[in-house]
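Taking it in order: structure first as structure tokens, then the write-up.
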Amino acid sequence: TCIVRANPQPDFEWTAPGMVSPSSYNVQYPVQDQNDPLLYTSTLQFNRNASITDEGVYTCNATNMAGTGIATANLSVLVVPVITEFNSVTVVTDTMPTLTCIVRANPQPDFEWTAPGMVSPSSYNVQYPVQDQNDPLLYTSTLQFNRNASITDEGVYTCNATNMAGTGIATANLSVLVVPVITEFNSVTVVTDTMPT
């Protein structure tokens with residue numbers, strides 16, 4: 001909404017960021033204020049839901065025979081975090097597992113990781129959001145073990161991403177495979193005509 005004090009009534013012209021098509025919005029032309037005859041209001045109203053490409057600086061120009069008034073306003077579009085990738089992982093003991101959580105959001109979300117109760121937070125490091133260079137709405141956080149996996153690390157891990165628009169939550173399972181280790185296999189001596197065990 002652009003409110004202008006002028007006499008006579010001005011003509012309004014709106015400018016939107018380059019990515020926004022004029023067919024995406026309607027402009028309501030000057031409405032004179034009933035209580036103050038020098039106030040005029042023009043409104044730019046989208047005719048569809050907002051998208052991230054609508055972000056940017058919008059300009060309102062009001063012109064009459066006395067001159068031109070120009071003002072700008074910024075439109076910010078928030079995107080609720082949506083976890084786009086958080087896959088279950090299977091590892092073998094004696095390897096250091098990594099869980100990766102990829103989120104689409106605006107602005108950058110805060111990440112919170114939850115591990116099963118047996119896993120001490122000192123067992124892993126969390127890399128905080130890294131923004132994708134090709135898609136500025138994608139952020140990646142990883143949980144990287146700083147020691148080899150053990151069977152007690154198995155379970156459900158939770159990735160929680162929050163920004164001012166909302167929260168996205170997803171879970172993934174970590175499975176730990178144990179390589180067979182023969183703990184006992186003894187040599188046996190038998191007498192002929194007996195059955196060895």
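- Taken to the nearest 0.5 Å, the OG1 atom of T162 stands 7.0 Å off from the CG atom of D110.
- Checking side-chain atoms of N163 against main-chain N and O of N106 turns up a donor-acceptor pair under 3.5 Å.
- At a threshold of 4.5 Å between non-hydrogen side-chain atoms, the residues V126 and S141 count as touching.
- Between the CG atom in N125 and the CZ atom in F145 there is a gap of 10.5 Å [rounded to 0.5 Å].
- No hydrogens or angles considered: nothing links the side chains of T59 and T15 as a donor-acceptor pair under 3.5 Å.
- In this structure, CD1 on I3 lies 7.0 Å from CG on L39, to the nearest 0.5 angstrom.
- To the nearest 0.5 Å, atoms CG (N146) and OG (S122) are separated by 7.0 Å.
- Atom OG1 of T68 is separated from atom CD of E13 by 9.5 Å, given to the nearest 0.5 angstrom.
- Looking only at atom types and distance, the side chain of Y40 has a donor-acceptor partner in the side chain of Q32 under 3.5 Å away.
- For D36, the salt bridge (charged side-chain N to carboxylate O under 4.0 Å, His left out) test picks out R5, with sequence neighbours left out.
- Donor-acceptor pairing under 3.5 Å is lacking for the side chains of S150 and N148.
- At least one side-chain heavy atom of P109 sits less than 4.5 Å from a side-chain heavy atom of F111.
- Shown here for L99 and W113, the closest heavy-atom pair between the two residues is O-CH2, 3.6 Å.
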Practice prompt. Could you walk me through whether L143 and T98 pass the side chain to side chain contact (heavy atoms under 4.5 Å, CB included) test, one step at a time?
Written response: CA-CA 6 Å; L143 182 146; T98 299; over 6 Å; no
Worksheet entry | Pair Q127-Q144, side chain to side chain contact (heavy atoms under 4.5 Å, CB included): steps then yes or no | CA-CA 8 Å; Q127 178 189 10; Q144 169 73 55; over 6 Å; no
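- Put simply, OH on Y157 and SG on C101 are 14.5 Å apart, with the number rounded to the nearest 0.5 Å.
- Cluster annotation: I52 is not connected to V57 through the hydrophobic network of ILVMFWY side chains, with a link wherever side-chain heavy atoms come within less than 4.5 Å.
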Determine all donor-acceptor pairs shorter than 3.5 Å in which one atom belongs to a side chain in residues 74-90; sequence neighbours excluded.
{"from": "N74", "atom 1": "ND2", "to": "S76", "atom 2": "OG", "distance (Å)": "3.3"}
{"from": "T84", "atom 1": "OG1", "to": "I102", "atom 2": "O", "distance (Å)": "3.2"}
{"from": "S88", "atom 1": "OG", "to": "N173", "atom 2": "N", "distance (Å)": "2.9"}

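- When side chains are defined from C-beta on, T53 does not count as touching V20, because their heavy atoms never get closer than 4.5 Å.
- Sorted by first and then second residue, the pairs that involve residues 150-164 and meet salt bridge (Lys or Arg N to Asp or Glu O under 4.0 Å), not counting sequence neighbours, are R147-D153.
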